[in-house]
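Accompanying notes for the structure given below.
Keep in mind the model is a prediction, meaning the values are calculated, not measured. If you read the sequence from its start, that first residue is 1, and numbering goes on from there.
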Amino acid sequence: MSEQELSPDHTERVISPPRPAEHTADPETSTRKTTQAPPRSKEQRIPLLGLRRLVFFTLSLLTAIQGGYMMFDILRANGMNMLEMSIWLLFVVMFAWLSVSFWTGIAGFLVVAFKRNPLTLKRDRPLEQTLDPERRVALVMPVYNEDTERVIAGLEATCRSLIATGQAAAFDVFLLSDTTDETMAVAEKQAAYALRQRLGDDLTLYYRRRERNIGRKVGNLSDFCCRWGQDYESMLVLDADSVMGGRTMVGMAATMQANPRLALLQTVPLPVRSSTLFGRFLQFAATLYSPMLAAGQSVWQGDTANYWGHNAIIRIAAFVDTCGLPSLPGKAPMGGEILSHDFVEAAMLRRAGWEVRLHAGVEDSYEELPGSIIEYAKRDRRWCQGNMQHLRLLFSSGLHWVNRLHFLLGALAYMASLLWLVMLALSTVDAVTRAVVKVRFFSQDYQLFPEWPESRVAMIASLLVITVIMLVVPKLLGLAVALVQRRKEFGGGLKLTFSALLEIVFSILIAPLMMAFHAWFVISVLSGRTVSWSTQARGGRLIPWREAWRRSWAMTLAGLVWGAVSYYYSPLFFWWLSPVLLGMVTSVFIIRFTSSIRAGEWLQRHGLLCIPAEVRLPEVLERLEAHEEAAPVMHDVKLDDHMLLPGRERRQDMPVQSLRAPFGLGGAQTPV
């Protein structure tokens with residue numbers, strides 16, 4: 001994206017990328033008016049959406065109130081001081097967040113178990129495959145200093161799968177490079193040219209490299225839309241590690257064509273090809289639970305779903321008119337460029353009257369994950385800063401309340417760790433204080449009967465059981481659905497069940513580590529530390545002991561001290577806290593062991609933590625492996641930039657949305 005500083009009065013600007021001297025633009029420059037979403041037809045309506053939301057949030061609210069009351073009753077038994085009031089307030093926030101997650105899982109289970117479409121509530125059907133080739137689609141892949149061989153292999157597998165559908169004539173492919181390394185950029189361009197030659201007349205591939213990486217990924221896509229977007233109705237956005245099947249891409253384009261109100265359709269990208277123990281646990285959990293949880297989200301989100309930045313199709317006219325992102329006032333990390341742009345773009349589209357939907361069905365939509373806790377945490381650090389920025393947009397004028405909820409829940413996903421940590425620390429202080437301070441049986445002079453301390457053991461046990469149920473039941477329901485509908489895809493019922501139990505144990509072990517990492521990330525953001533834009537590490541490697549210790553020594557030491565103090569003063573509280581302490585004390589071993597490729601391969605050989613994409617390799621992933629194994633074909637040709645670009649440009653401007661809201665924190669719709 002072009003320069004994005006706000007003018008002093010926060011008025012509207014437009015993005016208009018600089019014209020490269022060597023490439024002449026088409027004289028037809030756009031003066032198109034802002035595109036408005038057309039009226040919704042009867043076939044496109046989402047039935048009973050208001051009632052669904054009412055039922056869902058009523059159940060979530062009642063559950064949160066019940067949990068909050070039980071905790072209040074426990075804490076007030078012997079008088080409630082400021083410390084305990086703080087614990088209660090933190091618990092209420094966390095339990096409310098947990099309630100929404102729990103009922104999302106229940107909603108997803110109901111629609112998946114009965115094989116219903118979460119939007120229409122009718123019998124679930126595959127995506128439509130009737131595509132008008134005249135309404136063109138751009139398949140775009142932004143890249144930034146990525147492994148060229150992996151990028152080209154994945155893109156070729158995706159292209160070949162698209163060609164196999166017989167409907168590739170409606171598509172053009174754009175490899176949009178922001179690569180800054182000159183050597184890598186040369187190899188990237190040569191590889192793109194070679195792929196273009198291999199695809200021939202079946203599918204046209206274009207390659208564009210920006211020399212100025214303004215706006216990061218947002219600027220990369222905005223530059224494409226401003227230069228060539230008018231030639232296409234929609235763009236299907238992939239990440240550098242994304243792979244998609246041809247039928248899925250055609251179906252997404254056909255769905256976009258069939259619904260003129262639809263501006264964005266997001267799929268559920270399933271992680272694949274992980275070799276480490278950590279990666280295999282994550283991809284198994286995502287494959288087993290994500291489709292059900294996504295279906296639950298779709299039930300109550302309806303036409304106000306979220307955007308996850310890739311493996312989604314977007315209507316270009318709507319995107320250009322409504323999704324020009326400004327910089328937030330102030331400096332990073334809470335100000336400056338909006339990092340997690342996808343949530344905000346979905347909110348802007350919905351604010352303008354467009355629909356944003358989530359396709360929760362299991363389709364050929366894949367991505368790759370970091371192979372270790374360390375690399376996973378690095379990625380989360382970037383996302384944490386972006387999601388924390390969203391708190392500044394909560395009161396933006398004109399946003400749909402569901403989008404505001406997306407912003408809040410996204411930030412809570414990281415803030416929850418800090419809240420849990422603070423709540424556990426305050427609970428420890430309270431437990432130690434009660435153990436040290438002598439109980440006063442007679443608080444007044446001439447008191448006839450003593451005041452015996454009250455115990456709420458039954459209430460404590462009940463609340464603990466309820467919390468565990470709310471955490472575990474969605475996982476068990478996901479397992480139950482898979483056992484009934486998809487057990488062969490996971491290698492059989494017995495292996496699936498044992499793998500699911502292993503995943504639950506694993507999630508308990510790593511939860512304290514992720515809590516500590518996320519808590520530190522939130523503190524870093526609030527203290528003004530920003531994050532750099534770096535390439536995401538993919539693939540697996542065994543984390544050295546020294547690196548594991550350097551990343552976790554403070555956590556290990558804190559766990560030892562915390563455990564010793566709590567055991568000395570309150571042994572009962574120590575055992576209640578032991579799962580958290582165990583994960584903290586053994587963090588260096590967990591980081592090292594879960595990064596092991598040999599352990600991951602051992603489990604795969606024995607059929608554990610297997611996913612459907614391994615039991616029966618999908619065609620598009622089979623193509624990917626074949627292209628990776630084949631020696632790359634390169635052409636020793638001196639290439640000019642314009643040789644890989646479209647023959648003409650039809651330039652248009654992308655208006656940047658202003659940020660007007662109470663306290664100067666939000667965003668208002670650009671005036672038309």
query = Crowded around R247 CZ? As in, over 12 foreign heavy atoms under 6.0 Å?
reply = no
query = Is the Y232 ring parallel, tilted or perpendicular to the F174 ring (thresholds 30°, 60°)?
reply = perpendicular
query = Do K189 and L644 have side chains that get closer than 4.5 Å, going by heavy atoms?
reply = yes
Test salt bridge (Lys or Arg N to Asp or Glu O under 4.0 Å) applied to R404 - qualifying residues, sequence neighbours left out = none
task = First locate atom CD of Q257, then atom OG1 of T130, and finally report the distance between them rounded to the nearest 0.5 Å.
result = 9.5 Å
query = Do the side chain of Q657 and the main chain of P655 share a donor and acceptor less than 3.5 angstrom apart?
reply = yes
inquiry  = As an exercise, state the distance from OG1 of T322 to CG of L349, rounded to the nearest 0.5 Å.
reply    = 4.0 Å
message = According to side chain to side chain contact (heavy atoms under 4.5 Å, CB included), who are the partners of A305, at least two apart in sequence or on a separate chain?
response = Q301, V356, L358
query = Taking NZ, NE, NH1 and NH2 as the nitrogens, is one of them in D231 or R648 under 4.0 Å from a carboxylate oxygen of the other?
reply = yes
remark   = Heavy-atom closest pair (G324 atom, M348 atom, distance to 0.1 Å) is O-CE, 4.3 Å
message = Ignoring hydrogens and geometry beyond distance, is a side-chain donor-acceptor pair present between Y206 and D172 at under 3.5 Å?
response = no
query = Just by distance, with hydrogens left out, do E188 and T148 show a side-chain donor and acceptor under 3.5 Å apart?
reply = no
request  = Just jot down the salt bridge (Lys or Arg N to Asp or Glu O under 4.0 Å) partners of R273, sequence neighbours excluded, or say none.
outcome  = E368, E628
Approximate separation, where rounding is to 0.5 Å, of L199 CG and T204 OG1 = 8.5 Å
ask   = At their closest point, which heavy atom of L221 faces which heavy atom of P142, and how far apart are they?
value = CD2-CG, 3.8 Å
note = Taken to the nearest 0.5 Å, the spacing of W401 CH2 from T304 OG1 works out to 8.5 Å
query = Is the side chain of S161 donor-acceptor paired with the backbone N or O of G245 at a distance under 3.5 Å, no angle test?
reply = no
query = Does the ring centre of W383 sit less than 6.0 Å away from the ring centre of F343?
reply = no
remark   = Separation between CG (L49) and CG (L51), nearest 0.5 Å, reads 9.5 Å
ask   = In terms of side-chain heavy atoms, does R315 have a donor or acceptor partner in N259 at a distance below 3.5 Å?
value = no
query = Can you find a pair of side-chain heavy atoms, one from I313 and one from V237, that are under 4.5 Å apart?
reply = no
request  = Dump the intermediate steps for side-chain hydrogen bond (donor to acceptor under 3.5 Å, both in side chains) on S340 and N387, then the final yes or no.
outcome  = CA-CA 6 Å; S340 293; N387 283 18; 3.3 Å; yes
task = Assess whether side chain to side chain contact (heavy atoms under 4.5 Å, CB included) is satisfied between Q167 and L131, documenting all intermediate values.
result = CA-CA 8 Å; Q167 302 198 60; L131 185 62; 3.1 Å; yes
ask   = Does A191 offer a backbone N or O that forms a donor-acceptor pair with the side chain of R196 under 3.5 Å?
value = no
task = List for me each residue that meets salt bridge (Lys or Arg N to Asp or Glu O under 4.0 Å) alongside R487, sequence neighbours excluded, and say none if there are none.
result = none
task = Please list, chain by chain and in numerical order, all residues satisfying salt bridge (Lys or Arg N to Asp or Glu O under 4.0 Å) with D132, sequence neighbours excluded.
result = none
request  = Report the C-alpha distance between F319 and W354 in whole Å, list the side-chain angles of each, state the deciding distance to 0.1 Å, and finish with yes or no for ring pair (Phe, Tyr, Trp, His ring centres under 6.0 Å).
outcome  = CA-CA 10 Å; F319 183 81; W354 294 97; over 10 Å; no
note = Across all chains, not counting sequence neighbours, the side-chain hydrogen bond (donor to acceptor under 3.5 Å, both in side chains) partners of D380 are H518
query = Is R216 salt-bridged to E337, cutoff N-O under 4.0 Å?
reply = yes
remark   = Residues at least two apart in sequence or cross-chain that pass side chain to side chain contact (heavy atoms under 4.5 Å, CB included) with Q389, listed by chain then number, are L328, I338, L339
key: Donor-acceptor contact present, side-chain R209 to main-chain T179, <3.5 Å   = yes
request  = Indicate the atoms forming the closest heavy-atom contact of G105 with L293, along with that distance.
outcome  = CA-CD2, 3.8 Å
query = Does R150 pair with E146 as a salt bridge, N-O distance under 4.0 Å?
reply = no
request  = Report the residues that fulfil side chain to side chain contact (heavy atoms under 4.5 Å, CB included) with E614, sequence neighbours left out, ordered by chain and then residue number.
outcome  = R280, Q283, Q604, C610, I611
message = Using modelled atom types and a 3.5 Å cut-off, is there a donor and acceptor pairing between side-chain atoms of R210 and backbone atoms of I214?
response = yes
query = Counting distance only, does the side-chain N/O of D202 pair as donor-acceptor with the main-chain N or O of I163 below 3.5 Å?
reply = no
Between CZ on residue R357 and OG1 on residue T255, distance to nearest 0.5 Å = 9.5 Å
task = Taking only Lys NZ, Arg NE, NH1 and NH2, and the carboxylate oxygens of Asp or Glu, determine whether R350 and D303 approach each other closer than 4.0 Å.
result = yes
message = Is the shortest side-chain heavy-atom distance between F109 and P474 below 4.5 Å?
response = no
request  = Write out all pairs satisfying side-chain hydrogen bond (donor to acceptor under 3.5 Å, both in side chains) with one or both partners inside residues 101-113, taking only residues at least two apart or from two chains.
outcome  = T63-W103, T104-W300
key: Close side-chain approach of I316 to Q230, heavy-atom, < 4.5 Å   = no
query = Charged N to carboxylate O under 4.0 angstrom, E489 versus R616?
reply = no
ask   = Sequence neighbours excluded, which residues qualify as side-chain hydrogen bond (donor to acceptor under 3.5 Å, both in side chains) partners of E503?
value = Y289, K475
ask   = side-chain hydrogen bond (donor to acceptor under 3.5 Å, both in side chains) with S242: which residues, sequence neighbours excluded?
value = N311
request  = Only counting residues at least two apart or in another chain, list the ones meeting side-chain hydrogen bond (donor to acceptor under 3.5 Å, both in side chains) with H406.
outcome  = none
task = Using the side chain to side chain contact (heavy atoms under 4.5 Å, CB included) rule, take R160 and H627 through it: C-alpha gap first, then chi angles, then the decisive distance, then the call.
result = CA-CA 11 Å; R160 296 289 183 190; H627 294 314; 3.9 Å; yes
note = Scanning both residues in full, the closest heavy-atom pair of C225 with V320 reads CB-CG2, 3.7 Å
key: Check: T287 side chain, F284 main-chain N or O, donor-acceptor pair, under 3.5 Å   = no
query = Hey, does L175 have a side-chain heavy atom less than 4.5 Å from the side chain of V151?
reply = yes
ask   = Hey, are the side chains of D342 and N306 touching, using non-hydrogen atoms and a 4.5 Å cut-off?
value = no
request  = Assign the ring pair Y307 / H341 to parallel, tilted or perpendicular, where the plane angle (0 to 90°) is split at 30° and 60°.
outcome  = perpendicular
message = I want to check something: taking the side chain as every heavy atom from C-beta on, are Y207 and V143 in contact at a cut-off of under 4.5 Å?
response = no
query = Between the main-chain N or O of D364 and the side-chain N or O of T248, is there a donor-acceptor pair closer than 3.5 Å?
reply = yes
4.5 Å side-chain heavy-atom contact, L325 and V656 = no
Presence of salt bridge, D239 and K217, under 4.0 angstrom = yes
